[in-house]
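Order of listing sets the numbers, starting from 1, for every ligand and every atom in it. Position 1 is the first residue of the sequence; numbering continues from there.
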Amino acid sequence: MKIAIASDHAGFRLKEILKKHLGEHQFFDVGTHNEDSCDYPDYAEQAGKLVASGEVEAGIVICGTGIGISIAANKVKGVRAALCFNEFMADMSRRHNNANVLALGARVIGDDLALRIAETWLKTGFDGGRHERRVAKITKIESNC
Ligand code: RB5
């Protein structure tokens, strides 16, 4: 799968670990590329735009808590970023919310859990059905605002 991946300085180390362990996927790494202090919205925007334009199929964004970078990614029209702290949330965010961006908090969860969350999220599909209507209503909010 083609995946945009982004982090700030707090998420940089985990970003590199995910790329190494999920080698079957093709990553478009928009940065950051070191642990120098930087601003997560800059990277969230780049990854979100790649997802929204269809250039990649999914995105993974990482900051310290996952909060800031998920808020920022969700400002890109067409992005549904889900901040997940466990595998159940990862599974549900795909099956029920059709999330197209996974957000992780590198200072909140350990590397092994982060990897399991990412693997679960990447292999899980959207259930559709009644969830289609709900996700369509999320999209309608974007056009109404
Ligand atoms: C950076 O110090 C930190 O604020 C950032 O990584 C993130 O946690 C923000 O939500």
Side-chain angles (χ1 to χ4, degrees), residues 1-127 131 134-145:
M1 192 187 291
K2 287 185 180 177
I3 303 168
I5 193 164
S7 77
D8 70 354
H9 53 288
F12 169 74
R13 199 185 59 84
L14 179 57
K15 173 167 67 67
E16 299 308 303
I17 289 171
L18 292 184
K19 283 193 303 180
K20 187 174 160 200
H21 285 88
L22 300 170
E24 69 273 33
H25 297 285
Q26 190 183 352
F27 285 101
F28 291 70
D29 186 346
V30 300
T32 189
H33 299 294
N34 56 52
E35 291 189 309
D36 296 347
S37 183
C38 64
D39 300 334
Y40 56 81
D42 298 335
Y43 303 97
E45 181 178 6
Q46 291 183 62
K49 283 178 171 171
L50 285 171
V51 174
S53 68
E55 287 171 77
V56 298
E57 297 160 75
I60 298 177
V61 296
I62 311 161
C63 69
T65 60
I67 296 170
I69 207 159
S70 61
I71 293 172
N74 273 316
K75 296 298 177 191
V76 178
K77 198 171 180 176
V79 165
R80 291 178 300 282
L83 174 57
C84 298
F85 295 133
N86 57 47
E87 290 158 275
F88 177 73
M89 293 175 79
D91 186 65
M92 284 295 119
S93 76
R94 288 290 307 125
R95 291 179 52 198
H96 286 195
N97 313 117
N98 201 13
N100 52 14
V101 172
L102 169 66
L104 297 169
R107 291 174 175 166
V108 181
I109 55 172
D111 298 343
D112 289 347
L113 178 57
L115 191 53
R116 291 201 308 275
I117 290 170
E119 284 169 342
T120 298
W121 192 82
L122 290 167
K123 73 173 188 213
T124 307
F126 181 42
D127 278 355
H131 304 294
R134 295 163 187 167
V135 172
K137 287 186 177 184
I138 295 174
T139 304
K140 196 157 174 253
I141 295 171
E142 285 180 335
S143 41
N144 287 347
C145 295

Which segment of Thr65 sits under 4.0 Å of ligand 1 when only heavy atoms are counted: both
Contact bool for atom 4 (O) of ligand 1 (protein heavy atom, d < 4.0 Å): no
Atom indices of ligand 1, in the order listed, that fall short of 4.0 Å to a heavy atom of Asp8: 1 (C), 5 (C), 6 (O)
Residue among Ile117, Leu14, Leu104, Val51 satisfying side-chain contact (heavy atoms from CB on, under 4.5 Å) with Ile60: Leu104
Heavy-atom closest contact (Ser93 atom, Cys84 atom, distance): OG-SG, 3.8 Å
Atom 7 (C) of ligand 1 [closest protein heavy-atom partner, distance rounded to 0.1 Å]: Cys63 SG, 3.3 Å
Evaluation steps, side-chain contact (heavy atoms from CB on, under 4.5 Å), between Ile5 and Asp29: CA-CA 5 Å; Ile5 193 164; Asp29 186 346; 4.0 Å; yes
Side-chain donor/acceptor of Arg94 to backbone N/O of Ala99, under 3.5 Å: yes
Contacting atoms of ligand 1, where contact means under 4.0 angstrom from a heavy atom of Ala10: 6 (O)
Min N/O separation Gly68 to ligand 1 under 3.5 Å: yes
Residue, atom name and distance, where the atom is the protein heavy atom closest to atom 2 (O) of ligand 1: Arg107 NH1, 3.4 Å
Atom indices of ligand 1, in the order listed, that fall short of 4.0 Å to a heavy atom of His9: 1 (C), 2 (O)
Arg13 side chain near Asp111 side chain, heavy-atom distance below 4.5 Å: yes
Closest protein heavy atom to atom 9 (C) of ligand 1, given as residue, atom name and distance to 0.1 Å: Tyr40 CE2, 3.4 Å
Heteroatom proximity flag, Gly64 to ligand 1, N/O under 3.5 Å: yes
